[in-house]
Amino acid sequence: MRFLDEYRREEDVRAFLRAIERTVTQPWTIMEVCGGQTHTLIMAGIDEMLPETITMVHGPGCPVCVTPLELIDRAIAIAQQPGVIFTSFGDMLRVPGSQTDLLSVKARGGDVRMVYSPLDALKLAQKYPDREVVFFAVGFETTAPGNAMAVWQAKQLGLRNFSILCSHVMVPPAMEAILSSPDNHVQGFLAAGHVCTVMGYWEYEPIAERYRIPIVVTGFEPLDLLQGIYMTVRALEEGRWGVENQYTRAVTREGNRAAQELTFCVFEVCDRAWRGIGVIPASGYRLRSEFADFDAERRFGVDRVVATESPLCIAGQILRGLVKPHECQAFGTLCTPEHPLGAPMVSSEGACAAYFNSGRVSR
Amino acid sequence: MDTTFALQCPIPIQDYPTITLAHGGGGKLTQMLIERMYLPAFRNPLLESLHDGAILSLAAPTNGLARLAFTTDSFVVSPRVFPGGDIASLAVFGTVNDLAMCAAQPLALSAAFIIEEGLPMEELWQMVRSLARAAEEVGVPIATGDTKVVDRGKGDGLFINTSGIGLIRPGIHVAPTRAQPGDVILVNGPIAEHGIAIMSVREGLEFETALTSDSAPLHGLVAAVLDAVGEAVHVLRDPTRGGISSALNEIARAANVGIRIYEAQIPVGDAVRGACEILGLDPLYVANEGKCLVIVAPEAAEAALAAMRSHPQGREAAIIGEVVAEHPRRVILRSRIGGQRIVEMLSGEQLPRIG
């Protein structure tokens, strides 16, 4: 199949592995930022094919994983209200809140529906004018334009029964938070290709300069990842830093201007809490005041719901790449995909779930 | 005092105070219901084989023992009509296939309809005709039936249960426990078509595809394989809910063997691959309704493959892996690029990822 098979050829993979082996002379720790990249690394078995000297650590780029517990609790509080149709991307539904999860709300009679696009939620709002339709707008810069479009269209259509529960986050502030942490040991980054498709990569240039670190914008297919790792290792070995672009078939330095304009027409930058990491200044989006009518937190008065994390879950250390999932005491025992203590065990992009589902217990 | 303990629910209530959809998903939670609730409650040798059907031995008047396969299945698919089939034909083929996986030729089926008040008579008639057509295609009579109507709002239009009995071919013993190291694993064609076809028409998820469900009766294909290699067939399994990953995991556990499969050899159609890539699904976990895993002794593999390929339901049959002595109870996949990973049983419902 075109655009898939050419990025999954075993002989090309072997060629890149040989090139990496020839280049590397000392141990390096590289973080892949995006959960989609973690998924490919583990599912294709790439992390176990790399030389022992290269350690891949799994970054915070899983939207499900970093959405704060209290947002999940607020989602549940809204979904439990009569007359509400609560819509969400599939993998948010199983994330445990303090007491329950959205699928359990559905099992008890709540109208919780999985959608593939916020625009499908908008269609539901048009179809059921006497119901309140809420969309759980989570994700990084990648999903922001789509969510912005839904809100923008709702306003154009004069829809009064549509709102979003917004928990948008941005990649560059999270990378800075990791790099500025005193216990950081990440030496190079694979930046998230799809985020950069929207935003471009100019934002990463000052970060690469400030922390003198190579950042390679990388795609999601096995060959993309291997080439990204190769480019990062070569830069590290040569003592270079700066931003390079592996994912040239999708990413330009400027990104998608139209998508950016729409995003910032509807959203503005704000401080955001990241699950397991804490509040990072200027690290997310919220609705601009012109669109405040579409803010589900205000509409349903759930902005006071607070929550506390399971003390057993070390998701914060996992998401910052300090600990590998299988090194967690609860991994595979108290915490499994059936009974996740934290979000990284839920989403297939979550590092813990990727480890668990591929039976990864070592390295 | 002991009896009070026996009466307690074996599944800790704090884990799952209510049934969720995943308990019916064919993965780990379904397995938990079977192992921790049904088996202890119903314990008997017929059930304990955990095959697709129970195997009953009867004294036959002429040639000693006859063995009957007995199975049941309920169908709650939504939407009721989907590309490539409908709930009624699925109800016939699903039960026929469970019999076929016991190496049995179907003798008779029952059909029970649970109908929600308000279902248009015309729609029931369509489904009855479809059920009749499917039974005729297989050549099995609908020998008995039942109708119940529930209040509006207490059912999703129409549910169908079918049970079936079939006569097991003499001298053939297939069971998940019979998989042994060295055996070769075959599948009769591209996987994951039913699940993706259903998903493509489900409300809120519609996407355009020419894809149709693979829903089909497999008794003919199974007969062709048994004609060709007979006793060399060790296991037959239709990987329905939970996909081939769950079926292979069940076999690995039942026989206490390891299973090795090769991603590049598993047939997956382009439309299904494309849909899975876009939706973030793994075809190994997606349901099939016309697929059959055939595990045979190594020397019979080529003959079994040829027999499958010469049957209309097996034109794209392929060898996808083998049974090994190493890593017992584990299914290991060699990825397309040469890496390895363990393939776990589906946990919960497979949910699409955020884009």
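Just so we're on the same page: letters track the sequence lines, and every chain starts at 1.
- Using modelled atom types, one finds a donor on one side chain and an acceptor on the other under 3.5 Å when comparing Y7(A) with R249(A).
- Heavy atoms closer than 4.5 Å to chain A are found in the backbone of I19(B), but not in its side chain.
- Under 3.5 Å, the side chains of T38(A) and E32(A) contain a donor-acceptor pair of N or O atoms.
- In summary, the side chains of S117(A) and D120(A) do not present any donor paired with an acceptor at a separation below 3.5 Å, with no hydrogens or angles considered.
- A salt bridge links R334(B) to E10(A): at least one charged side-chain nitrogen sits closer than 4.0 Å to a carboxylate oxygen.
- For K123(A), no part lies under 4.5 angstrom from a heavy atom of chain B.
- Both the backbone and the side chain of F356(A) come within contact range of chain B, judged by heavy atoms closer than 4.5 Å.
- Neither the backbone nor the side chain of L223(A) comes within contact range of chain B; no heavy atoms are under 4.5 Å apart.
- Judged by the 6.0 Å and 45° rule, R336(B) forms no cation-pi pair with Y262(B).
- Among E344(B), Q340(B), R273(B), the residue making the largest number of heavy-atom pairs under 4.5 Å with chain A is R273(B).
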